[in-house]
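Some notes on the structure that comes next.
Hydrogens, waters and symmetry mates are skipped; everything else that's a heavy atom, side chains included, is used.
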Amino acid sequence: SALGYAWSLVRPLLFFGVIYLFFTQIVHVGRGVPYYGVYLLTGIILWNYFAEATGNCVNCLVAREGILRKIRFPRMVVPLSVSLTAAFNLAMNMIVVLVFALASGVSPALSWLELLPIILGFMVLATGIGMFLSVMYVRFRDIAPIWEVASQVLFYATPIMYVAGNYKQYEHYAMLNPLATLTTQMGHAFIHDPF
């Protein structure tokens, strides 16, 4: 069971390693982007939180049907607890991100204080979508596979592996995605370089 939690930390780091090597050494997407590794790792960690929170919320009410029928309490506490569990994993992963950023040469700045509202924005968005999905799944079981596909589309539509500013003609379309806006602002606040 101790290794189970370690895997929740190692999994995004392994994913980051593969993506980083592919996009910097083979495709050269990160060329010219200051501290691309830090931007990429932070985006992946925030995305993993969003995917974990929303993905686990989909069937959380149905999975806890027995408890919901026996005890009277607000039903939305269940998806909220799922999101808070994912937030704990996010907090542990952000420690790794901070260490990696400092080791990469990113200097601490006052703009780092912006990370708190940005992370809170991710949490509110993920919790809200998770609550919606959990309620919809009670009636429509097709929500689970639909959300798996939709979350994959969202991953590639969110500037995590690329910087939206590099694609000026599409940037305003990309920023319609709230996750793209939060991720881009994270880059501004954390790395304090223009994107």
Is it the case that one hydrophobic cluster holds both Leu84 and Ile67, taking links as side-chain heavy atoms less than 4.5 Å apart, direct or via other members?
-> yes

What heavy-atom pair brings Met123 and Ala87 nearest, and what distance separates the two atoms?
-> CE-CB, 3.5 Å

Starting at CD1 of Ile44, measure out to CG of Leu14 and round the result to the nearest 0.5 Å.
-> 11.0 Å

Heavy-atom check, side chain of Asn56 versus side chain of Glu52, under 4.5 Å = yes

Atom CZ of Phe88 and atom CG of Asn93: how far apart are they, to the nearest 0.5 Å?
-> 10.0 Å

Quick one: are Val38 and Ile191 in side-chain contact, heavy atoms under 4.5 Å?
-> yes

Any chance you could lay out the side chain to side chain contact (heavy atoms under 4.5 Å, CB included) test for Trp112 and Leu98, step after step, and finish with the verdict?
-> CA-CA 10 Å; Trp112 283 18; Leu98 288 173; 3.8 Å; yes

Flag yes if Tyr39 and Phe50 sit in one hydrophobic cluster, no otherwise; membership is Ile, Leu, Val, Met, Phe, Trp, Tyr, and two members link when side-chain heavy atoms are under 4.5 Å apart.
-> yes

Chi angles and distances behind the side chain to side chain contact (heavy atoms under 4.5 Å, CB included) call for Phe100, Val106 | CA-CA 9 Å; Phe100 182 75; Val106 177; over 6 Å; no

Nearest heavy-atom approach of Leu61 to Leu68 is O-CD1, 3.3 Å

Nearest-0.5 Å distance, SG of residue Cys57 to CE of residue Met76 | 9.0 Å

Under a single-linkage definition using a 4.5 Å side-chain heavy-atom cutoff for Ile, Leu, Val, Met, Phe, Trp and Tyr, are Val82 and Met131 assigned to the same hydrophobic cluster?
-> no

For residues Ala101 and Phe190, report the shortest heavy-atom separation together with the two atoms involved.
-> CB-CZ, 3.5 Å

Look up atom CG in Asn48 and atom CG in Asn89, then write down how far apart they are to the nearest 0.5 Å.
-> 10.0 Å

Heavy-atom closest pair (Leu115 atom, Ala189 atom, distance to 0.1 Å) is CD2-CB, 4.4 Å

What's the verdict on side chain to side chain contact (heavy atoms under 4.5 Å, CB included) for Leu46 and Leu182, showing C-alpha distance, side-chain angles and the deciding distance?
-> CA-CA 10 Å; Leu46 289 171; Leu182 290 168; over 6 Å; no

Taking Arg75 for the side chain and Phe73 for the main chain, is one N or O donor matched with an acceptor at less than 3.5 Å?
-> yes

Hey, are the side chains of Ile119 and Met186 touching, using non-hydrogen atoms and a 4.5 Å cut-off?
-> no

For the side chain of Ser83 and the backbone of Pro79, is there at least one donor-acceptor N/O pair under 3.5 Å apart?
-> no

So which heavy atom on Tyr35 is nearest to which on Ser104, and how close?
-> CE2-O, 3.4 Å

Do Thr54 and Trp147 have a side chain donor and acceptor closer than 3.5 Å?
-> yes

Cluster link Tyr156 to Ile129, ILVMFWY, side chain under 4.5 Å = yes

Spacing of CG belonging to Asn177 relative to OG1 belonging to Thr158, to within rounding of 0.5 Å | 4.0 Å

Met92 side chain near Ile95 side chain, heavy-atom distance below 4.5 Å = yes

Under the side chain to side chain contact (heavy atoms under 4.5 Å, CB included) rule, what do Leu154 and Trp47 come out as? Steps first, then yes or no, please.
-> CA-CA 10 Å; Leu154 267 176; Trp47 173 261; 3.6 Å; yes

Which atom names give the shortest non-hydrogen contact between Met175 and Ala180, and what distance separates them?
-> CE-O, 4.0 Å

Any cation-pi pair here, Arg141 with Tyr137, using under 6.0 Å and within 45°?
-> yes

Do the side chain of Ser151 and the main chain of Glu148 share a donor and acceptor less than 3.5 angstrom apart?
-> yes

Same cluster for Val138 and Val58 if Ile/Leu/Val/Met/Phe/Trp/Tyr side chains link at under 4.5 Å?
-> yes

Leu113 atom CG: more than 12 heavy-atom contacts under 6.0 Å | yes

Decide yes or no for Phe155 and Ile160: does some side-chain heavy atom of the first lie under 4.5 Å from some side-chain heavy atom of the second?
-> yes

Between CG of Leu90 and OG1 of Thr85, what distance do you get to the nearest 0.5 Å?
-> 12.5 Å

